[in-house]
Amino acid sequence: MNDIETRYLLVGFSVAGWWCARTIRERDRKGKIVAITKENGIYSPPLFTYYLGNRVSDIRYRPEWIENLDLDLIYGGEAKTLEKENNRLILSSGESFVFEKALIATGGLPVAPPLPGKELEGVFTFTTPRDMQKVSEFMKHHRVERVTILGGGFIGLKTAEAFIELGVKVTLVELANRLLQNMLDEKSSYYLESALNRAGVEVIKEDTIVEFQGQGGKLTDAILKSGEHLPSDLAVIAIGVRPNIDWLRGSGIEINRGIIVDEFQQSQRPDIFAAGDIAETKNLITGERNVVAIWPEAVKQGKVAGENMTGSRVSYPGSLPVNTVSVGEVALISAGLVNPPLGDFELLTEVTNDSYRKLVLKDGYLVGMILVNKIEKAGIYINLIRQKVKVDDFKDRLLKEDFGMISLPAEYRKHLVEGASIEV
Amino acid sequence: MKKIHIHEEYCIGCRLCEINCLVKHSRSGKIVKAFRGEEPRPLPRVRVEEEGYLSFALQCRHCDEALCLENCPTGAMYRDEETQAVLCDENKCVGCWMCIMSCPLGVIKREEKTKKVASKCDLCRGETPVCVKNCPNEALTYE
């Protein structure tokens, strides 16, 4: 088969690829862009659980803009081989592409432990549109009253949120001693757990599912390590995702947990960039290398990659984990370092009956935060973390009710507001 | 594109901008009803910040690189082609609060019950914004 030649090749086309394409198009109106996705459309993954919970009926991502991007889109294309010596990518279908610059943004795959019985009808993972369709179909054809979710992390919680909206009885099983242990501290996960309990969810901690049992090929029970049987009509395995990197072995691209990229989102093959859930970047605060698989970082990395693929030299400042979850009337937002190790950290906290706020400072800088219910100033705090603004001089005002832009140093405040051509 | 300019040295902290904004974005458009008769109670989309002698009114800057828009997974946040304002299509909003998490000025508020973005400046959809029109001391201008 003949090669298809392109200036830009985007392998994987979700949010990182999309913002990369948009950035390239702003800077290079003519250069050919080929984008390959294994899906049959361009989707917004966070919407899958909202679709399940009947909050949205369309899971496509900004379909109204796609034409403006002038892309050659290839649906249902699965990347198979990236040649080590050449800028050539081959799909499972045999189609091949020769590129000048490529972005690898093939995202993540669900972690699925080898649990006996996981092939039973009614046991799912929940990370792709296909998963979502399968769960929806299953819900249409079976009576689903009891759902068991394995994993009290982000995907597990979002899945629980959807089933709560459907009025289904949910049991959440988490191996750790609290929920969302990476994004919350003990106190805030307590607020979350109480909200789940009020919504009728049973939370089982320090336990896990060791087996699924069924009848006639269909799930009936989830068996816990403790021996307990949880009667279940449907189960979701949501213990995490890992970067989809296996197909890149032998491509000469350096891989650790994800594709190792520098601050330009460039792999050590200079024509090949990576962004989103597959890219291993430096943490903005700790400097540790990690994959931070969240939407805002995928957008930023995609944009940085796009600029650099068109010849600029723009750097990505580092990843900042930020997350938001709502259950019932409890809303939580967290960012950065929320469980600091022992050492020179200063904690500012405020607790009321229905709210909790914690700010983590180091050497006069904000490095982490957790907000429960009083979330409206989240963006201000997160910006102070990202921009590394020294807060030492006004730290006693950070948790005041009237904290706002007015509390920031005048110079910085004016700079922020002027950013969009405003004079203060 | 026209923008709202903030002149803090002229702001007297009277909050007429907040009141006019709230009424403009209420269902009735009437001040008494807007304050007493509407549930959920409409919120002003401009915020007066005050500390000692200093005050100013702040609303969405409709940033060129709008993080609320970039981080909105539903596509509810969009840029109006005519006014270049960043607007929120409530029909698409699912209340995930990614925009609240993203806004460096903290000018987006939420409607807790309906789980929708409740308060986000829309530049009065092309008219001269009422916060500007009703500012008695030209602390807000639109140009």
Side-chain angles (χ1 to χ4, degrees), chain A residues 15 19 44-47 50 53 55-56 58-65 158 294-296 298-300 303 322-326 329 331-335 371 373 375-384 386-387 397 402-407 410 413-414 416-424, chain B residues 1-9 11 47-52 54-56 58-79 84 86 91-110 112-113 115 118-119 141 143:
Chain A
V15 58
W19 281 92
S44 171
L47 294 185
Y50 289 105
R55 296 288 305 277
V56 296
D58 188 350
I59 56 166
R60 290 176 302 160
Y61 183 59
R62 297 196 185 272
E64 69 279 11
W65 283 3
K158 294 306 266 188
I294 55 172
W295 181 288
V299 173
K300 284 195 182 65
K303 287 173 72 179
V322 291
N323 278 298
T324 154
V325 163
S326 306
E329 290 185 5
L332 302 103
I333 298 184
S334 83
L371 306 178
N373 281 344
I375 61 167
E376 266 146 15
K377 286 163 190 166
I380 303 181
Y381 297 129
I382 290 174
N383 183 61
L384 294 174
R386 275 196 204 283
Q387 302 299 326
R397 276 136 86 186
D402 59 356
F403 172 74
M405 299 309 288
I406 204 160
S407 319
R413 176 179 83 231
K414 288 177 185 184
L416 251 190
V417 177
E418 262 164 32
S421 77
I422 221 81
E423 42 186 79
V424 179
Chain B
M1 165 203 179
K2 279 188 169 182
K3 296 218 170 194
I4 298 176
H5 298 262
I6 301 166
H7 311 279
E8 65 183 38
E9 66 278 22
C11 178
R47 175 176 82 220
V48 173
E49 296 195 4
E50 204 169 358
E51 209 173 88
L54 178 65
S55 65
F56 54 80
L58 180 70
Q59 62 291 85
C60 168
R61 304 283 87 202
H62 305 279
C63 306
D64 291 335
E65 274 196 288
L67 294 177
C68 59
L69 187 156
E70 292 182 0
N71 292 338
C72 175
T74 67
M77 285 287 181
Y78 69 101
R79 194 176 296 277
Q84 292 297 303
V86 177
N91 294 321
K92 288 189 182 170
C93 176
V94 294
C96 70
W97 316 133
M98 289 282 275
C99 51
I100 290 180
M101 200 170 82
S102 306
C103 177
L105 307 176
V107 290
I108 302 174
K109 293 201 190 92
R110 65 189 170 124
E112 294 173 32
K113 292 239 156 47
K115 293 198 176 163
S119 161
T141 56
E143 51 208 320

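None of these values were measured; they are calculated from a predicted model. Order of the sequence lines sets the chain letters (A, B, ...), proteins ahead of strands, with each chain counted from 1. The analysis underlying the following values was restricted to heavy atoms, covering all of them including side chains, and did not include hydrogens, waters or symmetry mates.
- Using a 4.5 Å heavy-atom cutoff, the side chains of B:C96 and A:Y50 are in contact.
- Of the atoms belonging to B:S55, it is backbone heavy atoms, and not side-chain ones, that fall under 4.5 Å from chain A.
- Contact of A:V299 with chain B is made through the side chain alone, with heavy-atom distances under 4.5 Å.
- Interface check for chain A: of the options B:V107, B:L69, B:T141, B:L58, the most heavy-atom pairs under 4.5 Å are formed by B:L69.
- Interatomic distance, A:I294 CD1 to B:M98 CE, rounded to the nearest 0.5 Å: 7.0 Å.
- The residue among A:E376, A:R60, A:K303, A:K300 with the most heavy atom pairs within less than 4.5 Å of chain B is A:E376.
- Of the two parts of A:N323, only the backbone, made up of N, CA, C and O, holds a non-hydrogen atom closer than 4.5 Å to a non-hydrogen atom of chain B.
- Neither the backbone nor the side chain of B:C68 comes within contact range of chain A; no heavy atoms are under 4.5 Å apart.
- Only the side chain of A:L47 has a heavy atom closer than 4.5 Å to any heavy atom of chain B.
- Scanning both residues, A:R55 and B:C93, for their nearest heavy atoms gives NH2-O, 4.5 Å.
- When all heavy atoms of A:M405 and B:P104 are compared, the pair lying nearest together is SD-O, 3.9 Å.
- Heavy atoms closer than 4.5 Å to chain B are found in both the backbone and the side chain of A:I375.
- At a 4.5 Å heavy-atom cutoff, the contact between B:E50 and chain A is made by backbone atoms alone.
- The distance from atom OG1 of B:T74 to atom CD1 of A:I59, rounded to the nearest 0.5 Å, is 13.5 Å.
- For B:L54, the parts sitting under 4.5 Å from any heavy atom of chain A are the backbone and the side chain alike.
- Note that the CG atom of B:L67 and the CG atom of A:N383 stand 8.0 Å from one another [nearest 0.5 Å].
- Using a 4.5 Å cut-off between heavy atoms, A:R62 contacts chain B through its side chain alone, with no backbone atom that close.
- Of all heavy-atom pairs spanning B:G106 and A:I380, the tightest one is N-CG1, 3.6 Å.
- In this structure, chain B has a heavy atom under 4.5 Å from the side chain of A:S326, while its backbone stays farther away.
- With a threshold of 4.5 angstrom between heavy atoms, A:I382 approaches chain B through side-chain atoms but not through N, CA, C or O.
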With side-chain contact (heavy atoms from CB on, under 4.5 Å) as the test, would you mind laying out the steps for A:R413 and B:E8 before giving the verdict?
CA-CA 12 Å; A:R413 176 179 83 231; B:E8 65 183 38; 2.8 Å; yes
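- You'll find the side chain of A:W295 stays beyond 4.5 Å of the side chain of B:E70, heavy atoms only.
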Starting from the C-alpha separation in whole Å, work towards a yes-or-no answer on side-chain contact (heavy atoms from CB on, under 4.5 Å) for B:E49 and A:D402.
CA-CA 8 Å; B:E49 296 195 4; A:D402 59 356; over 6 Å; no
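- With respect to chain B, the highest number of heavy-atom pairs below 4.5 Å among A:P296, A:G53, A:S44, A:P63 belongs to A:P296.
- The side-chain heavy atoms of B:K92 and A:V56, taken from C-beta on, include no pair separated by under 4.5 Å.
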